[in-house]
Trainee: 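Dropping a structure here in C-alpha cells format, bear with me for questions.
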Amino acid sequence: MSLLQSSVYPPSTLRSSPSLSCTAAHPIASSHRVPSTSNSFVALESSSLKTTAGATVGQVTEVTKDTFWPIVNAAGDKTVVLDMYTQWCGPCKVIAPKFQELSEKYLDVVFLKLDCNQENKPLAKELGIRVVPTFKILKHNKIVKEVTGAKYDDLVAAIDTVRAT
C-alpha cells in the first residue's frame with residue numbers, strides 16, 4: 001500500500017473506537033508549510049534511499065506491533081518519530097501529508113506510523129496512547145518527547161529539540 005493510499009480512507013473504513021478519542025479540537029493550522037530552500041533537498045531515486053532495518057530515510061514507514069521495536073533498535077542514536085493514528089480520525093488524516101513532508105526534510109530522523117487498530121493494540125497500550133494523533137519521539141530506544149493532537153508547530157519544535165541533544 002502506498003503512502004497516498006494509506007492516508008486516504010474510503011467512508012466504508014471509517015469507524016468509531018470507544019477506547020481512543022480523536023483530538024478534533026486541535027486541528028493542524030493549514031497555513032503552515034515545511035520550510036524549504038533550493039539547496040535543502042536532493043532528488044533521490046528509491047534505489048538510492050538509505051534504510052534502517054526496514055525504515056527508509058526520507059519516507060514514512062508503516063510499522064506494526066511486531067516491526068516497531070526492531071526498527072527503533074536498529075535506528076541506534078538516530079531520532080525516531082512515531083505517528084500513532086487511526087483510520088477514522090480526521091485530524092490524523094489532515095496531518096499525514098505534513099508528517100510525510102517532515103520525513104523528506106529531516107533525513108537524519110526515522111519517521112514511523114502505527115495504526116492503533118485492534119491488531120496493534122498491545123503496542124499502543126505499551127506506549128501509553130490515550131488520544132490520536134499522538135506523536136512519540138524516541139532517542140536511544142526511549143521515549144523522550146510526546147505531542148498529542150495535530151499540532152504541527154509543537155511537533156516540529158519537539159523534533160528540533162530532540163535532534164539537538
Side-chain angles (χ1 to χ4, degrees), residues 1-37 40-41 44 46 49 54-65 67-68 71-72 75 78-121 123-138 143-163:
M1 177 183 295
S2 74
L3 178 64
L4 180 59
Q5 290 170 322
S6 65
S7 297
V8 180
Y9 304 99
S12 62
T13 64
L14 300 179
R15 57 179 161 49
S16 63
S17 171
S19 60
L20 291 175
S21 63
C22 186
T23 57
H26 303 290
I28 186 170
S30 61
S31 63
H32 289 89
R33 304 253 340 141
V34 174
S36 65
T37 64
S40 62
F41 295 108
L44 299 172
S46 37
L49 294 173
T56 303
V57 174
Q59 296 179 1
V60 178
T61 302
E62 182 85 30
V63 294
T64 67
K65 63 180 174 47
T67 61
F68 174 71
I71 291 172
V72 169
K78 287 185 179 179
T79 300
V80 177
V81 183
L82 175 65
D83 173 7
M84 301 176 75
Y85 74 98
T86 61
Q87 294 183 9
W88 49 263
C89 170
C92 297
K93 294 177 196 177
V94 171
I95 201 164
K98 303 283 187 194
F99 192 67
Q100 173 62 35
E101 288 176 6
L102 290 173
S103 75
E104 295 166 4
K105 177 184 177 189
Y106 294 107
L107 298 178
D108 60 329
V109 176
V110 176
F111 286 83
L112 308 174
K113 66 181 187 171
L114 176 74
D115 185 351
C116 295
N117 57 22
Q118 196 63 30
E119 178 182 324
N120 294 318
K121 188 175 182 178
L123 178 58
K125 188 173 182 177
E126 175 185 344
L127 296 174
I129 187 170
R130 290 188 206 112
V131 299
V132 288
T134 292
F135 298 90
K136 301 281 185 173
I137 304 175
L138 299 92
I143 297 170
V144 293
K145 288 262 185 210
E146 176 180 293
V147 176
T148 57
K151 301 172 190 167
Y152 179 79
D153 291 338
D154 291 355
L155 179 58
V156 171
I159 293 169
D160 287 340
T161 299
V162 174
R163 284 177 69 232

Trainee: Taking side chain as C-beta onward, heavy atoms only, is Ser103 less than 4.5 Å from Val109?
Mentor: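 Counting from C-beta outward, Ser103 and Val109 never come under 4.5 Å.
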Trainee: Which heavy-atom pair separates Val110 from Lys78 by the least distance, and what is that distance?
Mentor: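 So the two residues come closest at CG2-CD, 4.1 Å.
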Trainee: Under 4.0 Å between a Lys/Arg side-chain N and an Asp/Glu carboxylate O for Arg163 and Asp108?
Mentor: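 Salt bridge between Arg163 and Asp108, a charged N being under 4.0 Å from a carboxylate O: yes.
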Trainee: How far apart are the closest heavy atoms of Met84 and Cys116, and which atoms are they?
Mentor: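 Reported closest heavy-atom pair: CB-SG, 3.8 Å.
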Trainee: Write down the atom of Thr134, the atom of Ile129, and the distance for their closest heavy-atom approach.
Mentor: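 Between these two residues, the closest heavy atoms are OG1-CG1, 3.9 Å.
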Trainee: Do side-chain atoms of Asn120 reach the backbone of Asp115 as a donor and acceptor pair under 3.5 angstrom?
Mentor: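 Indeed, once roles are kept as given, a pair shorter than 3.5 Å links the two residues.
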Trainee: Would you say Phe68 and Leu82 make side-chain contact, with heavy atoms under 4.5 Å?
Mentor: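 Result yes, sub-4.5 Å side-chain heavy-atom pair found.
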Trainee: Would you compute the distance between atom CG of Leu155 and atom CD1 of Ile95 and round it to the nearest 0.5 angstrom?
Mentor: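 Going from the CG atom of Leu155 to the CD1 atom of Ile95 covers 5.5 Å.
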Trainee: Please check if any side-chain donor atom of Gln87 sits under 3.5 Å from a side-chain acceptor atom of Asn117, or the reverse.
Mentor: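 Side chains of Gln87 and Asn117: no pair found under 3.5 Å.
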Trainee: Might you work through the side chain to side chain contact (heavy atoms under 4.5 Å, CB included) test for Ile71 and Leu112, ending with a clear yes or no?
Mentor: CA-CA 9 Å; Ile71 291 172; Leu112 308 174; 3.9 Å; yes
Trainee: Can you find a heavy atom in the side chain of Asp160 that is under 4.5 Å from one in the side chain of Tyr106?
Mentor: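 Yes, close enough: below the 4.5 Å cut-off.
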Trainee: Quick one: are Leu127 and Ile143 in side-chain contact, heavy atoms under 4.5 Å?
Mentor: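 Contact flag for Leu127/Ile143 side chains = yes.
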Trainee: Which heavy-atom pair separates Glu62 from Lys113 by the least distance, and what is that distance?
Mentor: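 So the two residues come closest at OE1-CE, 2.8 Å.
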Trainee: Compute the centroid of each ring, for Phe99 and then for Phe135, and state whether the two points are separated by less than 6.0 Å.
Mentor: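 Centroid distance Phe99-Phe135: below 6.0 Å, so yes.
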Trainee: Does the side chain to side chain contact (heavy atoms under 4.5 Å, CB included) test come out yes or no for Trp88 and Val132, once each step is laid out?
Mentor: CA-CA 10 Å; Trp88 49 263; Val132 288; 4.2 Å; yes
Trainee: Which is it for Leu102 and Lys98 under the side chain to side chain contact (heavy atoms under 4.5 Å, CB included) test, yes or no, and what are the steps along the way?
Mentor: CA-CA 6 Å; Leu102 290 173; Lys98 303 283 187 194; 5.7 Å; no
Trainee: Please name the pair of heavy atoms, one in Val63 and one in Leu114, separated by the smallest distance, quoted to 0.1 Å.
Mentor: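 Val63 and Leu114 have their closest heavy atoms at O-CD1, 3.4 Å.
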Trainee: Locate the shortest heavy-atom distance separating Glu146 from Thr148; write the atom from each residue and the value.
Mentor: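 Closest approach of Glu146 to Thr148: OE2-CG2, 3.4 Å.
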Trainee: Are Val81 and Ile159 side-chain neighbours, meaning at least one heavy-atom pair lies under 4.5 Å?
Mentor: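 A side-chain contact exists here, since the closest heavy-atom pair is under 4.5 Å.
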Trainee: If you measure from NZ on Lys65 to NZ on Lys121, what distance do you get to the nearest 0.5 Å?
Mentor: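 Output value for this atom pair is 13.5 Å.
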Trainee: What is the distance from atom CG of Asp154 to atom OG1 of Thr161, rounded to the nearest 0.5 Å?
Mentor: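 It is 10.5 Å, given to the nearest 0.5 Å.
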